[in-house]
Amino acid sequence: MNKKYALFTYILLFLPYSFLCLLIVTHSAQAKEHEIRYRLKWLFNTSVAGDIYANKAGYFAAQGLQVNIKEGSPEKNAINELELGRAEFGVASADQVIRALDKGARLVVLAQIFQVNPMQWIYRDDQPEIKTLNDLQGKTIGITFGGNDETIMRTLLTKAGIKEKEVKLSGVRFDFMPFFRRQVEVWPVYRNSQGVILQDKLTKEGEAVRFFNPAEFGVNFVANSIITSEEMLKEQPQVVEKFLTALLQGWEAAMNQENETKVLAAVKALDKNTDARIMQKQLASTRGLVLAEAEAKKIGAIDMPAWQQTEAIMLQAGQIKRAVQVEKYLQVR
Amino acid sequence: MQLVCDNLSFEYSDNGTIVLDRLSFTMQGPGFHAVFGPSGVGKTSLARIISAGITGYTGQLHLKEIKTILYSYNMERLPGWSNIGNILRQVTPSGCESLLEELITVFDLDSLMHSRFARLSLGQQNRVNLIRYLVQDFDLLILDESLANVDEKLRHTILLHIKERFSDKMFLSISHNLMEIATFCKKIVVLGSRKEEGREYLLQGMDVQRDREVAQDIAQDMLPDRKRLDEVMLEIMNAC
Amino acid sequence: MLVRRFVRRIAQFLIVYGIGLAGLLGLKYVLALSDYVVPDISLILETAKEVIADYIPAVFSTLSVTILGQVISIILAFSVGIAGRKSSWLGSFIRVTAYNIQAYPIVALAPIIFILLGDGFISRLLIASMICYFPLLLSVLGVMAAPVRDIEHFYRATGRMTWQLEVKIRAFENLSKLTTVISGSATLAMAGTIVAEFVAANAGIGYSIRTALYQSDLAKIFVALFLIGIIISVYQGLLETVGTWIIQKTSTEASSHE
């Protein structure tokens, strides 16, 4: 009787898992026919203006594609979605891509939207300007433990020969109070989103700010990139080509100042909470990050040396176990 | 000492069921009195009205020389965090300790004083419960099946002892035990469906005392007034 | 007896954990997923070796907040439950207030708590207590508001009833229920602490999970979940043992008295 009961219990325990597995498998195959699913890294905002505009202005439609753009989050990871068959394209940061490659994921990088990493640090201009990395010494620096800003900052400190005890690293969260209260002097922000908001708030208080950009100190940690699976590239190269063409056209148009009103309207339709004035500033900031060195490169150009540096940094930091040779996975056009 | 119910009526407010309908009777003097009747005729409701456990009745309740009324019932429990001896001593008013010891002996509970209440049989539990009421200060004690599940011989011993020891107190016994009520009670109010409108049966019981030395022999049919007892029992049955 | 109880609890957890892991690994091989999406056993073990030295202190840090948070919520739940047991206006007010506060999801309140109190120990403690508190309060209110008539009647009839005695009677009569709820609430306190650490804190296993999530490192998350499962099994086993001991101690008499 007891054995029977135990067996019954185990069956009961297995049932939810079996059901879950079934759900996952069936859900993966639930895409609408001909619909392309594109998973962003974060929520709809001006940082993804080009993605939104490519859809809104009909660039995808012009290529005969019906694209469903979905918001992302740490839990809604584009790489996972590609592998599980829930998305055909996605946005992932370079560190996510390299980590995934290290663990055997089969994906390729199609484009790199931001030529300058928006991940920067903000500080008040009544503080001494950070002209060299040694100026970081003795400062209270905010980092997101586990985030790529931690990797970047640790790389910068190593590069400058600054030991961890010579600075004060302070974990940051979603609220900016420690920075407002001057408990943290140098605060990590996405230059074109939170950076704009913080700058605006402090300007209202009569305080000017500066941004500390790691790239200016030789650390080019690549930000977001457009990815797809190896399988997708192999089996549907035309779709990949059409998608990428439309997406980059969308970004090009979105970054054109002449289209600003239309682009802001398209973003506003999806991001209702951000103030229009802030949004305009964010778009201007995004433009600077996407179009940097545009004379030499096209929008979406993959900065191979920066990718290699990113990999080297991660390898050195022990975040990956082996060199993945990321250049093999970059689809340089 | 007098308990008068004058035209007492009571119905449940939730379903409108009439439990007592213009009940009137008078009980006088100390001693054992009883309320008898089949289940559901309102015996417990009457007891709870008298002990102020129910309000919302109509009619009058007159009490003369009765200040403190206690109501004990079958299935009451004592807390389980200590043994019976401790719990009983905690609720015994000072000066009543010897009475408590006396009752423990008469109720045949000496050996159980170190036990927890939950460990006792139902009959033992009811005896323990009754003791703690008897050591209180009261004028009228209502015993609602308070000696249920106690074996007959011991029950009779207890009843005779209570009648003797608390001869100045009034008791109102609610029981289904026809022979016991007929034997030990003075006045018996019979509640039943056959009563005539506006009138209850108030019968005279045998009110047997210890000095008549009959208690232990009732079950053996050795009661000198056995014929009278049969008549009383018949009267009660007819009244129901 | 004690060891057997712990072994049984841990074995039960290991079965559930094993089934979960097996399900995921099954999915990994069926869908040919990479180690990035679902790590294989060797990667989990390798990761465990790397992080265990950091994760064990982290899980104990979480446990310490859990225990303290639970103690606070027990005290609070009993205080409010006792005060709110009467059907008086005050009692009803306390009950309604308690329900209303609980109606707000804790993840929505957490940012406010962290802004007010910072991301240190106190915030973790408060959130853990808040998550653990409500189910406890419901049980305590349920117990304290329900009269035990068979016992209380005598004390009321003889004018001996005090609020302390009333609470004692009701608590004692529902000791088994209360100890079960208290030991069950350990899981909630642990979940609360982890949520707090996950949302915003700089210590504890919840914080480690968040960091691992940033790095999409599921292997680390598996290791963290394993440690959480083990520690909560042991803690709950301990609480159950204490509960059983209390019940035995209070409801049975010493053999010398039999």
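Letters A, B, ... mirror the listed sequences (proteins, then strands); counts begin at 1.
If you measure heavy-atom distances from N77(A) to chain C, the contacts under 4.5 Å come from the side chain alone. Within the 4.5 angstrom heavy-atom criterion, only side-chain atoms of E46(C), from C-beta onward, approach chain A.
Inspection of the T140(A) and S170(A) side chains reveals no N or O donor paired with an N or O acceptor under 3.5 Å.
Partner of D217(C) under the salt bridge (Lys or Arg N to Asp or Glu O under 4.0 Å) criterion, out of R99(A), K321(A), K103(A): K103(A) alone.
Below 30°, between 30° and 60°, or above 60°: for F179(A) and W187(A) the angle between ring planes is between 30° and 60°, a tilted geometry. The aromatic rings of Y17(C) and F13(C) sit tilted relative to each other, their planes meeting at an angle between 30° and 60°.
Contact count versus chain C (heavy atoms, under 4.5 Å) is highest, among Q319(A), E150(A), M177(A), Q96(A), for Q96(A). Considering only heavy-atom pairs separated by less than 4.5 Å from chain C, the leading option among S93(A), G318(A), A105(A) is A105(A). If you tally non-hydrogen atom pairs under 4.5 Å between each of A212(C), S34(C), A32(C) and chain A, the highest count goes to S34(C).
Side-chain atoms of I72(C) and Y133(C), non-hydrogen and from C-beta on, never get closer than 4.5 Å to each other.
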